[in-house]
Amino acid sequence: MLQVHEIRAHKDAYINALKKRGLDASADIEAVLSADETRRATQAKLDETLAQSNIFSKEIGKLFQSGEQQKANLLKEKTTQLKETSKQLQEELNTAVETLDNLLFALPNIPHESVPAGTDENDNETVFSEGDIPTLNTEALPHWELAKKYDLIDFELGVKVTGAGFPVYKGKGARLQRALISYFLDKNTEAGYTEYQVPHLVNETSARGTGQLPDKEGQMYHVTGDDLYLIPTAEVPVTNLFRGDLLPHTELPITCTGYTPCFRREAGSYGAHVRGLNRLHQFDKVEIVRIEHPDNSYNALDGMVEHVKSILRDLKLPYRILRLCGGDLGFTAALTYDFEVFSTAQDRWLEISSVSNFETFQANRLKLRFKDADGKNNLVHTLNGSALALPRVLAGILENYQTPDGIKIPEVLVPYCGFEMIS
RNA sequence: GGAGAAAUGGCAGAGUGGUCGAAUGCGGCAGUCUUGAAAACUGUUGAGGGUCACACCUCCGGGGGUUCGAAUCCCUCUUUCUCCGCCA
């Protein structure tokens, strides 16, 4: 959520920045400012009324103590009107706050200056690429066929037990997946991230805190019986660990990693590109989260990018890094780098990580602040990224490492797998 | 699931209708003393809104109510603890 007082101070800058998202927000911004105006005016009136009635109450108290009952009763009558007024003003204030909040909730984060203009994924900017794309022979198979051939993943069984998009991993497929999770967690821990195991269901407040609500209401599985949401990413529970905190600046940065399954309804996104592991309702992901001093957040973002690079180098997968354009940027992000692995057999790029700086957008909702060296309280910057998302990495490995004799296991994973080859 | 107890500032812990944003202790910060440190002493030390700055307003788990006035009384929800039952 954007900060009102910032919008008040830099109205035009906000309108301009949002244009990069293809959004003409001038009317919305005006609405915010006028709602804010109303809120403050109402607040001031209410405060005045309460101040007056506080004065009366104190006087009445004194009168009672000195035994001047009659005078006290006289004053009491005076307060009835004030009570009525303050009750009314309180209601007005509540609606004013609600109006303002709803307007603010609807506004996305403002893009960082380096975000390229653009409307969709075609306008994303490739900023880096690395790794050789293997030349496969003509019998090369896409991963869903390899999965079947070597009995690694059973999609039909998942349909039977739950439904489409809930694959069942088995044998060496399950083992390879577990190996990847362990390897990612170890790698992240070595880089200084503290490992967490967190709940896979979150309450509404948490989902609002990181911005999944109200923006992505339909994307999450909602457990209505207990009013909880299945997490779409570990970002939600992990970041919310710190919701409401006021951290000493000496504790920054806070760095976390965690493995969780992720649940996404993916409503309406069926089609040609969702075969196999490409798009699932349940998948595994290892996430990294950083809580940073605002002055350091972009350094930290670069560091996260380098970290993810090193994982992909370890795995020897060909990949590229995109800087998302304004139109493709997520609601809460100021700057996002997407990592894509080239899937040779499918001849297309698969997104396997998304690394973002949210600046104060989440922190504002989370009320997550730090106390600066001079004793002032400020919002932190939050960042997160996948390191990494499992299914498409698995797809990339299966497809790029296939040989006529079977699938080779990337060297770094052999100790975790306990085998070198799937055949 | 049943019965009972509790929730107060960074922590511990007083406060049962007015002068309480809240005693006291610990911790934190600043100072005195000291070559420096410790100890001792002195001062200071919650958050949000609002204002140019003050004033002022709000907050004692959340929400609602009684009252001129609520940390304190009532209702409700949540959480924690103890006991019982059940159980990976």
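Here is how names work: the chains are called A, B, and so on, in the same order as the sequence lines, proteins then strands, and each is numbered from 1.
When the C1' atom is used for both B:A70 and B:A53, the distance is 33 Å, rounded to whole Å. With C1' as the reference atom, B:G1 and B:G18 are 44 Å apart, rounded to whole Å. Rounded to whole Å, the separation between the C1' atoms of B:G15 and B:C81 comes to 22 Å. Between B:G10 and B:U16, the two P atoms lie 23 Å apart (nearest whole Å). Spacing of P atoms, B:U51 relative to B:G46, comes out at 22 Å, to the nearest Å. Taking the C1' atoms as reference points, B:G13 lies 29 Å from B:G31, given to the whole Å. Annotation: B:A3 and B:U8 have their P atoms spaced 25 Å apart (nearest Å). On the P atoms, B:U72 is 13 Å away from B:G21, given to the nearest whole Å.
At whole-Å resolution of the value, CD in A:Gln3 and C1' in B:G49 are 15 Å apart. What separates CD of A:Glu204 from C1' of B:G62 is a distance of 14 Å, to the nearest Å. Atom CZ of A:Phe64 and atom C1' of B:U67 are 11 Å apart (whole Å). If you measure from atom CG of A:Asn364 to atom P of B:G48, you get 12 Å, rounded to the nearest angstrom. Atom CG of A:Asn73 is separated from atom P of B:C68 by 10 Å (rounded to the nearest Å). The distance between atom CD of A:Glu37 and atom P of B:G50, rounded to the nearest whole Å, is 11 Å. If you take CG of A:Asn377 and P of B:G10, they are 11 Å apart, rounded to a whole angstrom. Regarding A:Lys62, its NZ atom lies at a distance of 10 Å from the P atom of B:U19, rounded to whole Å.
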Distance-only donor-acceptor pairs under 3.5 Å for side chains of residues 77-85 of chain A, two or more places apart:
| unit_1 | atom_1 | unit_2 | atom_2 | d |
| --- | --- | --- | --- | --- |
| A:Thr79 | OG1 | A:Lys76 | O | 2.5 |
| A:Thr80 | OG1 | A:Glu77 | O | 2.6 |
| A:Thr85 | OG1 | A:Gln81 | O | 2.8 |

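Donor-acceptor pairing under 3.5 Å is lacking for the side chains of A:Thr260 and A:Glu287. Between the side chains of A:Glu195 and A:Asn188, not a single donor N or O lies within less than 3.5 Å of an accepting N or O. Under 3.5 Å, the side chains of A:Gln219 and A:Gln212 contain no donor-acceptor pair of N or O atoms. Side-chain contact check for A:Asn278 and A:Gln346: at least one donor-acceptor pair (N or O, by modelled atom type) lies under 3.5 Å. Residues A:Asn299 and A:Asp302 bring no donor and acceptor atom of their side chains to less than 3.5 Å of each other.
Applying the salt bridge (Lys or Arg N to Asp or Glu O under 4.0 Å) test to pairs two or more places apart or on separate chains, those with a residue in residues 200-210 of chain A are A:Glu204-A:Arg208. Annotation: salt bridge (Lys or Arg N to Asp or Glu O under 4.0 Å) contacts involving residues 170-181 of chain A, sequence neighbours excluded, comprise A:Asp151-A:Lys170. Applying the ring pair (Phe, Tyr, Trp, His ring centres under 6.0 Å) rule to pairs touching residues 218-238 of chain A yields A:His222-A:Tyr229, sequence neighbours excluded. For residues 222-243 of chain A, there are no salt bridge (Lys or Arg N to Asp or Glu O under 4.0 Å) pairs, not counting sequence neighbours. Here salt bridge (Lys or Arg N to Asp or Glu O under 4.0 Å) pairs that include residues 13-33 of chain A, with residues two or more places apart or in two chains, are A:Lys11-A:Glu30. Under the ring pair (Phe, Tyr, Trp, His ring centres under 6.0 Å) criterion, the residue pairs touching residues 142-182 of chain A are A:Phe166-A:His281, with sequence neighbours excluded.
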Pull out every protein N or O sitting under 3.5 Å from an N or O of nucleotides 53-59 of chain B, one pair per line with the distance.
| unit_1 | atom_1 | unit_2 | atom_2 | d |
| --- | --- | --- | --- | --- |
| B:C57 | OP1 | A:Asn54 | ND2 | 3.1 |
| B:C57 | O2' | A:Asp47 | OD1 | 2.8 |

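Within the 4.0 Å cut-off from OP1 or OP2 of B:A47, at least one side-chain nitrogen or oxygen of A:Lys371 is found. Residue A:Arg369 places no side-chain N or O under 4.0 Å from the OP1 or OP2 atom of B:A47.
Judged as a side chain to side chain donor-acceptor pair (under 3.5 Å), and not counting sequence neighbours, A:Asp47 has no contacts.
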statement: B/S/- along nucleotides 72-80 of chain B (protein heavy atoms under 4.0 Å) is ---------
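Taking for each of A:Arg8 and A:Ile60 the nucleotide of RNA chain B with the nearest heavy atom, the 5'-most of the two is the partner of A:Arg8. Nearer the 5' end of RNA chain B, as judged by each residue's closest nucleotide, is the contact made by A:Asp36, out of A:Phe56 and A:Asp36.
Stem regions for RNA chain B, each three or more consecutive Watson-Crick or G-U pairs with both distances under 3.5 Å and listed by first number, read B:1-7 with B:78-84, B:10-12 with B:24-26, B:27-32 with B:40-45, B:46-49 with B:56-59, B:61-65 with B:73-77.
Against RNA chain B, the stretch residues 76-95 of chain A makes heavy-atom approaches under 4.0 Å through A:Lys76, A:Thr79, A:Lys83.
A:Lys309 forms a cation-pi arrangement with A:Phe128, by the criterion of a distance under 6.0 Å to the ring centre and an angle within 45° of the ring axis.
Panel note: side chain A:Asn364, backbone A:Met1; a donor-acceptor pair is recorded below 3.5 Å.
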